[in-house]
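These notes concern the structure reproduced below.
Every chain is numbered from 1 and lettered A, B, ... according to where its sequence line falls, protein lines coming before strand lines.
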Number of protein chains: 2
Amino acid sequence: MNAPTNPQSNVTPNVTPDITVATWNINSVRLRMPIVAHYLKEHAPDVLCLQEIKTEEKFFPFEAFAEAGYPHVALSGQKGYHGVATVSRLPIRESSKLDWQANGEARHVGVELVGRDMFIENVYVPAGGDVPDRAVNPKFGQKLDFLGRMTEWADALDKPTLIVGDFNIAPLESDVWSHKQLLKVVSHTPLEVETLKRFQDAHGWIDLGREFIADPQRYFSWWSYRAKDYTKGDRGRRLDHMWASPELAKQAVSHSVLEEARGWEKPSDHIPLITGFDL
Amino acid sequence: MNAPTNPQSNVTPNVTPDITVATWNINSVRLRMPIVAHYLKEHAPDVLCLQEIKTEEKFFPFEAFAEAGYPHVALSGQKGYHGVATVSRLPIRESSKLDWQANGEARHVGVELVGRDMFIENVYVPAGGDVPDRAVNPKFGQKLDFLGRMTEWADALDKPTLIVGDFNIAPLESDVWSHKQLLKVVSHTPLEVETLKRFQDAHGWIDLGREFIADPQRYFSWWSYRAKDYTKGDRGRRLDHMWASPELAKQAVSHSVLEEARGWEKPSDHIPLITGFDL
DNA sequence: GGGAGGGTCG
DNA sequence: CGACCCTCCC
């Protein structure tokens with residue numbers, strides 16, 4: 001990738017990339033449509049990958065996205081939980097819907113950008129429950145197994161790919177507000193971090209966020225709803241990621257994170273990230 | 001009672017009564033507090049009787065009422081359903097909480113206006129379910145039995161009393177948008193109307209609403225939530241009532257119904273009624 | 001349609 | 001805390 005114009009900053013460098021791709025765990029797309037429309041209007045990514053849409057496909061707000069200029073949609077939805085959608089201003093072709101848990105949950109959709117040599121994989125990794133021990137908490141085991149299947153998939157991957165979404169893991173110490181206090185908290189345990197590293201190494205994924213906002217700079221993408229004021233104590237974590245194949249990563253020219261979105265009206269607990277590419 | 005200045009109108013005649021009393025089925029007092037405060041500010045009844053407060057007593061918004069100038073409260077609440085509250089600018093003394101069904105439901109509270117010879121009974125009659133046949137719908141039987149116990153109570157009554165609230169019965173043909181289409185609909189069946197008439201005759205209650213807005217004039221107090229626009233077709237019913245003892249009724253000088261409240265922000269499906277008295 | 005409640009999830 | 005689900009009630 002090209003060097004960012006200002007490595008200390010998390011705002012988009014003053015470049016106009018060919019293509020911009022954003023990711024946002026939206027925590028109910030129907031409830032959040034007003035702020036999504038606002039985001040699209042203000043930031044106009046070419047492609048937006050949403051997680052936790054929490055709706056069946058038949059209730060997805062296709063019309064609102066079309067009106068906002070995003071007529072192209074690939075989605076995997078289910079009732080009430082999970083669900084991912086990739087919406088685009090540019091033509092996309094759905095390339096895969098993978099069920100890495102083989103349990104029917106809607107946690108992935110892959111698209112190809114038509115006429116561009118780029119695949120975009122939109123994923124929502126399981127949260128993993130409360131206790132970081134698969135013997136007492138099956139959900140934690142499922143999370144690790146999900147990453148294991150993703151790793152097998154990545155190992156066989158041979159196309160220029162961008163994988164984005166809510167990985168539900170903050171791998172670096174600087175990805176959390178307190179490394180020490182979160183070592184035994186699901187999302188930042190050494191076992192999760194190692195498991196994610198194996199996934200990364202399987203394809204040589206480049207962590208674009210940390211290319212532009214280098215460790216050990218503060219970089220968070222999520223703040224819990226359980227604090228009345230999310231800014232109080234700034235107890236954030238970087239759970240959302242944008243990772244690219246090595247060759248594609250070289251074409252990334254900008255990356256930014258929209259922290260103000262956490263303070264919008266009826267916000268998601270996650271904020272949007274965006275990366276620009278010169279293809 | 002004194003003749004209304006304009007019997008065709010449902011607006012308050014130009015009099016300043018000694019005392020005004022209002023009734024409103026509020027369908028959750030906590031959710032509706034903003035419009036209740038607005039109503040109190042604009043119409044300033046001395047006493048307001050609320051039904052369907054839908055809260056336990058410990059969660060009743062005493063403070064908001066005190067700030068609005070209504071520090072005196074008598075209430076009977078329960079979790080989730082039913083519940084009545086009488087709030088007042090003037091001192092009141094709780095005189096009774098009657099359980100006419102003997103099932104523990106909070107459907108009545110009676111107060112005495114301190115220093116005035118007037119009792120105000122606030123009641124929420126059971127809705128009665130869907131099918132107007134006690135053999136197949138026990139709730140319909142409970143509604144009739146509730147009115148039966150009220151009739152026994154009224155028969156023994158010997159104080160100047162105003163009974164107000166949601167009776168869940170529209171007795172007259174002009175109390176519903178279509179007499180014919182509602183004859184078999186719970187709230188307007190002949191059996192309910194007869195049962196309510198027996199209650200009325202037991203004490204000689206005067207239907208103050210119909211003294212001021214005489215039959216067959218249109219007079220509704222409720223419109224279902226199940227129409228997107230309640231004004232479309234005007235499918236209303238008069239389910240809420242203010243009935244006075246014969247001698248007290250002679251002191252009623254005004255009565256009006258606030259239809260605009262059905263169109264307020266997050267409205268109740270019922271609207272408030274108000275009666276003025278010269279004691 | 002729209003209150004309430006309770007349960008589950010994160 | 002705030003999404004979702006469901007049932008109950010009007």
Side-chain angles (χ1 to χ4, degrees), chain A residues 25-33 35 50-56 59 77-83 105-107 124-131 137-140 142-143 166-169 185-187 222-230 232 235 237 239-240 262 265-270, chain B residues 25-33 35 50-56 59 77-83 105-107 124-131 137-140 142-143 166-169 185-187 222-230 232 235 237 239-240 262 265-270:
Chain A
N25 177 319
I26 201 58
N27 190 11
S28 172
V29 70
R30 285 177 292 173
L31 210 65
R32 229 65 79 188
M33 203 55 226
I35 62 171
L50 297 166
Q51 301 86 40
E52 284 205 86
I53 60 172
K54 290 189 174 176
T55 180
E56 293 175 86
F59 297 127
Q78 66 178 80
K79 191 192 253 186
Y81 299 101
H82 323 313
E105 288 181 356
R107 296 183 173 275
Y124 174 53
V125 174
D130 279 338
V131 183
N137 171 21
K139 286 182 188 169
F140 190 70
Q142 283 161 16
K143 180 178 192 172
D166 179 359
F167 291 8
N168 266 313
I169 296 175
V185 173
V186 174
S187 72
W222 173 89
W223 293 260
S224 169
Y225 281 126
R226 297 180 205 192
K228 37 180 97 181
D229 179 0
Y230 79 98
K232 187 91 176 289
R235 302 194 165 191
R237 306 180 201 168
L239 303 180
D240 302 276
R262 185 61 180 79
E265 195 83 355
K266 281 210 136 227
S268 170
D269 43 354
H270 295 252
Chain B
N25 177 318
I26 201 59
N27 190 11
S28 173
V29 69
R30 284 177 291 174
L31 208 66
R32 227 67 78 187
M33 201 57 224
I35 61 170
L50 297 166
Q51 301 86 42
E52 284 205 86
I53 60 172
K54 289 188 174 178
T55 180
E56 293 174 88
F59 296 127
Q78 67 177 80
K79 193 190 253 187
Y81 301 102
H82 324 311
E105 288 181 356
R107 294 183 174 276
Y124 175 52
V125 174
D130 279 338
V131 183
N137 170 23
K139 286 181 186 170
F140 191 71
Q142 283 162 17
K143 181 178 192 171
D166 179 359
F167 291 10
N168 267 312
I169 297 175
V185 172
V186 173
S187 72
W222 172 89
W223 292 259
S224 170
Y225 282 124
R226 298 182 202 191
K228 38 178 97 180
D229 179 0
Y230 80 97
K232 188 89 176 290
R235 301 192 167 192
R237 305 181 203 169
L239 303 179
D240 302 276
R262 186 60 181 79
E265 196 83 353
K266 284 208 138 229
S268 170
D269 45 352
H270 294 252

Of the listed nucleotides dC6(D), dC10(D), dG10(C), the one nearest the side chain of Tyr225(A):
dG10(C)
What I want to check is whether the side chains of Glu105(A) and Tyr81(A) have a donor and an acceptor closer together than 3.5 Å.
no
Could you tell me whether the side chain of Leu31(B) reaches within less than 4.5 Å of the side chain of Lys266(B), counting heavy atoms only?
yes
Could you check whether the side chain of Arg226(A) and the base of dG2(D) have a donor-acceptor pair of N or O atoms closer than 3.5 Å, going by distance alone?
no
Whole angstrom is fine here: how far is it from CH2 in Trp223(B) over to P in dG2(C)?
17 Å
Is a side-chain donor-acceptor pair under 3.5 Å present for Tyr225(A) with Asn27(A)?
yes
Whole-Å distance between dG2(C) P and Ile26(B) CD1?
16 Å
Grab the CD-P distance between Glu52(A) and dG2(D) for me, whole Å please.
15 Å
Parallel, tilted or perpendicular: rings of Trp222(A) and His270(A) (30°, 60°):
tilted
Looking only at dG5(C), dC10(D), dA4(C), the nucleotide nearest the Arg107(B) side chain is dC10(D)
Send over the distance from Trp222(B) CH2 to dG2(C) P, rounded to a whole Å.
13 Å
How do Leu31(A) and Tyr124(B) order along DNA chain D: which one's closest nucleotide is nearer the 5' end?
Leu31(A)
Check the phosphate of dA3(D) against Lys79(A), side-chain N and O only, distance under 4.0 Å to OP1 or OP2. Yes or no?
no
Just compare dC9(D), dG3(C), dA3(D) and give me whichever is closest to any side-chain atom of Lys139(B).
dC9(D)
Nearest whole angstrom, please: distance from the C1' of dC4(D) to the NZ of Lys266(A).
12 Å
Within less than 4.0 Å of OP1 or OP2 of dC4(D), is there a side-chain N or O belonging to Ser28(A)?
yes
Rounded to the nearest 0.5 Å, how far apart are NZ of Lys143(B) and OG of Ser187(B)?
6.0 Å
Separation of dC1(D) atom C1' from Asp269(A) atom CG, nearest Å, is 9 Å
Need one value for Lys228(A): base, sugar-phosphate or nothing, where a base atom within 4.0 Å counts as base even if backbone is also close, heavy atoms only.
nothing
Does Lys54(B) make a side-chain N or O approach to OP1 or OP2 of dC9(D) shorter than 4.0 Å?
no
Counting only side-chain heavy atoms from C-beta out, which of dG2(D), dG3(C), dC10(D) sits nearest to Asn27(B)?
dG3(C)
Round to a whole Å and report the spacing from CD of Glu105(A) to P of dC9(C).
11 Å
Can you check whether any acceptor in the base of dC8(D) is under 3.5 Å from a donor in the side chain of Tyr81(B), or vice versa?
yes
Return the nearest nucleotide to the side chain of Arg30(B); candidates are dA3(D), dA4(C), dT8(C).
dA4(C)
Nearest-angstrom distance from the residue atom CD of Glu56(A) to C1' of dA3(D):
16 Å
